[in-house]
Amino acid sequence: MQLTQILTSLGASVLIFSFLTPALGQTNVPNKADEVILDMNQAFKKNDKTQLSRLLPKAKGHALEPWAAYWELRVRLDQASDSEIQQFLTQYAGTYAEDRLRNDWLLQMGRQRDWADFAKEYPRFRMNDDREVRCYALSTEALISKPETASELKRLWYAFRDTEDGCTYTAEKLYELKKIDSLDLWRKARLAMDNNRPRAAQLALNIESVELGKQAILIHADPQKYLDKRILAITKKRKELSVLALIRIANNDPDKAAQLFEKKWGLMLTKEEHNWVWAMIGKQAAQKLQDNAHSYFNKVSRNQDLNDELLIWKTRAALRSGDWKAVIAAIDAMDSARQDPTWIYWKARGQLAANPSATEPMRLEAVAALQGIASVKGFYEQLAMEELGQAITAPAKPEALTPQEKSVAAQNAGLQRALTALSLGLRSEGNREWNYSTNLHTPGGMSERELLAAADLACSKQVWDRCINTSDRTKTQIDFDQRFPMPLKETVLRKAKEIQLDPAYVYGLIRQESRFITDAKSVVGAAGLMQVMPATAKWTAKKIGMTNFQPHQITDQEINVAIGTGYLKLVLDDFDGSMPLAAAAYNAGPSRSRNWRKGPVLEAAIWAENIPFNETRDYVKKVLSNTTNYAAIITGQPQSLKARLGTVGPRNAQAPAENTDLP
């Protein structure tokens, strides 16, 4: 559609915005009791102990009294007596606030090395979702000697990007007990160096030698200087320090690291170090979408020397190069990651590509694997359905909830506290209270029927994000009305039709951007249902003829949809109607999406899997998956995700010039 048509259709509809209903999910006007809670929340953020102590008596009897008491005690937890803490835990037993304070107290006891009290309190920790608390627990007498402790510690420790005390402390104990070895410490340092976390690398190496830790800091500051001063790497320590320097260089220039490695340093390293460095170089090249990434990964002689992250990037580079044999080999070497639907799907695709005969065992294995994940639940699950020849349709609605099931959800104290917090604008507290009540309050979380009832409660209150996220957790009873709600249906369908934009695409994007939270605001300033940046909103408003637009209007749901759909249409047109490219541009910016499309023509699923940014990669897949499901709902007809994906490659030379004005 031409810009003039967008101007006419959207500009005309702006006139009716002020007459429409207010935004969903608006917070309530607080009464005096609510104001006490809000004032305490602000005092907590400011660490104002005096104000919290003064206000706490006024919060008595409020639905959020447990939160008020938590805030007051949390800011002085390091000075509170054990009896005072225990009194809080008893008074608010069964609430999120109780277990939240227990979590904080366990961390404090771990840092103070108060293992006797830690051991007594840890079994009562219901959430059990804090990795550092778990690391502290692994150091206790009850767990330190168990054979599986070392592998669990390494999994938790390696997953931390930043510095922490719990896992590092337990790693030191296990090293002293000879349950982990020097290579385990060096692997942590390698990961930290790759993630640009020199302090984490230093702490890991300090376990073996403080001098080694100091060397890690120097290498991070100037890796080339370190290598220039060394002629040989003969000792184990010197070899590993060279590995850290090469990893650091590869972060900025993988080709330079490859040259240094081939000419000199690769000759001195062990096979394991050799494989790790080549994989790190390959990963950095793959993240820069370099054509030689796959060739770097091919220099790895043993996939089992790599961790899952490196194997994942090796798989992506192999997909981009069309090397299905390498795809299968890398996935087979993965540990826990190979159970992810992503890699189940791609291994099956590789097996099908390599075994065209319908009766070959490997082909039968691939079909069985696809059948095991095929569903409407997500991107690769949907692709698996299509690979099996199945169209994507909306599933039958589960059996209707009974009045009793709805009543139990409505009377759940945790859910009520969550809804109260959300109504006061305490979104973080409300979300945590809700998630705790549905997922963690009882072992294993709520049953599927209980989850559907909780989601129904959230939907009835138009708390769409809790509705969606709660319903998403069911495995067998799938309610598309809950998972894919359509607030503002008349508005979205009308505006999409006016500018010839697929309404399912709009809904798929909004669901991922904001979960239909009207006042959602990102850390970078994007606002409203369609998460539009202030500068983009101003630019788009002018382009679509929305006169007198003011920045504060962007959270008005009607205006936000008008500007968001107008911008999305302009982006989609600039990317030749490609939904994957436009989604990537909407999330990461048009210039990045233009750069990412350079290179070979790829099926869009492979292209999306190779997007360098984790957030954008996940975003594109979820938006397209959402879109396909919304299309099934809106049209009532079978849908194809593959058709929406198409292929991605360089811009056609005959296509109109890029709209470089797009923000």
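Along the sequence shown, residues carry numbers from 1. Reckoned from all heavy atoms, side chains included, excluding hydrogens, waters and symmetry mates.
- Within 6.0 Å of NZ on K288 lie more than 12 heavy atoms contributed by other residues, nucleotides or ligands.
- More than 12 heavy atoms of other shown residues, nucleotides or ligands fall within 6.0 angstrom of atom CD in Q304.
- Pairs of residues two or more places apart, or lying in two chains, that qualify as ring-ring contact (aromatic ring centres under 6.0 Å, His included) and include a residue from residues 625-663 are F484-Y630, Y507-Y630.
- Legend: residues meeting side chain to side chain donor-acceptor pair (under 3.5 Å) with K283, ordered by chain and number and at least two apart, are D194, E309.
- Side-chain N or O atoms of N292 include none that pairs as donor or acceptor with a backbone N or O of A285 at under 3.5 Å.
- Taking R644 as the reference, D502, M579, L624, T627, T628, A631, Q639 meet the side chain to side chain contact (heavy atoms under 4.5 Å, CB included) condition, with sequence neighbours excluded.
- With sequence neighbours left out, the side chain to side chain contact (heavy atoms under 4.5 Å, CB included) criterion links P612 to L289, W596.
- Listed by chain and number, the residues in a salt bridge (charged side-chain N to carboxylate O under 4.0 Å, His left out) with R302 are D305 (sequence neighbours excluded).
- Other residues, nucleotides and ligands contribute at most 12 non-hydrogen atoms within 6.0 Å of the CG atom of D291.
- Electrostatic pairing of R197 and D162 counts as a salt bridge here, judged by a charged N lying under 4.0 Å from a carboxylate O.
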Counting only pairs under 3.5 Å, give me each side-chain donor-acceptor contact of residues 242-250, with atom names and distances, residues two or more places apart or in other chains.
from: S242; atom 1: OG; to: R238; atom 2: O; distance (Å): 2.9
from: R248; atom 1: NE; to: H220; atom 2: O; distance (Å): 3.0
from: R248; atom 1: NH1; to: N196; atom 2: OD1; distance (Å): 3.3
from: R248; atom 1: NH2; to: H220; atom 2: NE2; distance (Å): 3.3

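- For an aromatic pair to be called close, the ring centres must be under 6.0 Å apart, and W278 with F261 satisfies this.
- With sequence neighbours excluded, the residues satisfying side chain to side chain contact (heavy atoms under 4.5 Å, CB included) with N652 are Q654, A655.
- A donor-acceptor pair under 3.5 Å is formed between the side chain of D574 and the backbone N or O of N659.
- Around CZ of R592, the count of heavy atoms belonging to other residues, nucleotides or ligands within 6.0 Å does not exceed 12.
- Sorted by first then second residue, the side chain to side chain donor-acceptor pair (under 3.5 Å) pairs that include residues 602-613, not counting sequence neighbours, are R316-E609, R349-E603, Y380-E609, E609-K621.
- A side chain to side chain contact (heavy atoms under 4.5 Å, CB included) with W346 holds for exactly one of I331, I328, L383, D340; it is I331.
- With N275 contributing its side chain and V300 its backbone, the two residues share no donor-acceptor pair below 3.5 Å.
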Run the side-chain donor-acceptor check on residues 523-540: report pairs under 3.5 Å with partners two or more places apart or on a different chain.
from: Q531; atom 1: NE2; to: A520; atom 2: O; distance (Å): 3.0
from: Q531; atom 1: NE2; to: G528; atom 2: O; distance (Å): 2.9
from: T540; atom 1: OG1; to: T536; atom 2: O; distance (Å): 2.8

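- Qualifying side chain to side chain donor-acceptor pair (under 3.5 Å) partners for D618, counting only residues two or more places apart in sequence or in other chains: K622.
- In this structure, the side chain of Y567 does not engage the main chain of Y586 through any donor-acceptor pair within 3.5 Å.
- A distance-only check finds a donor-acceptor pair linking the side chain of Q553 to the backbone of Q550 [under 3.5 Å].
- The side chain to side chain donor-acceptor pair (under 3.5 Å) search around D576 returns R597, not counting sequence neighbours.
- Partners of Y619 according to the ring-ring contact (aromatic ring centres under 6.0 Å, His included) rule, which considers only residues two or more places apart in sequence or in another chain, do not exist here.
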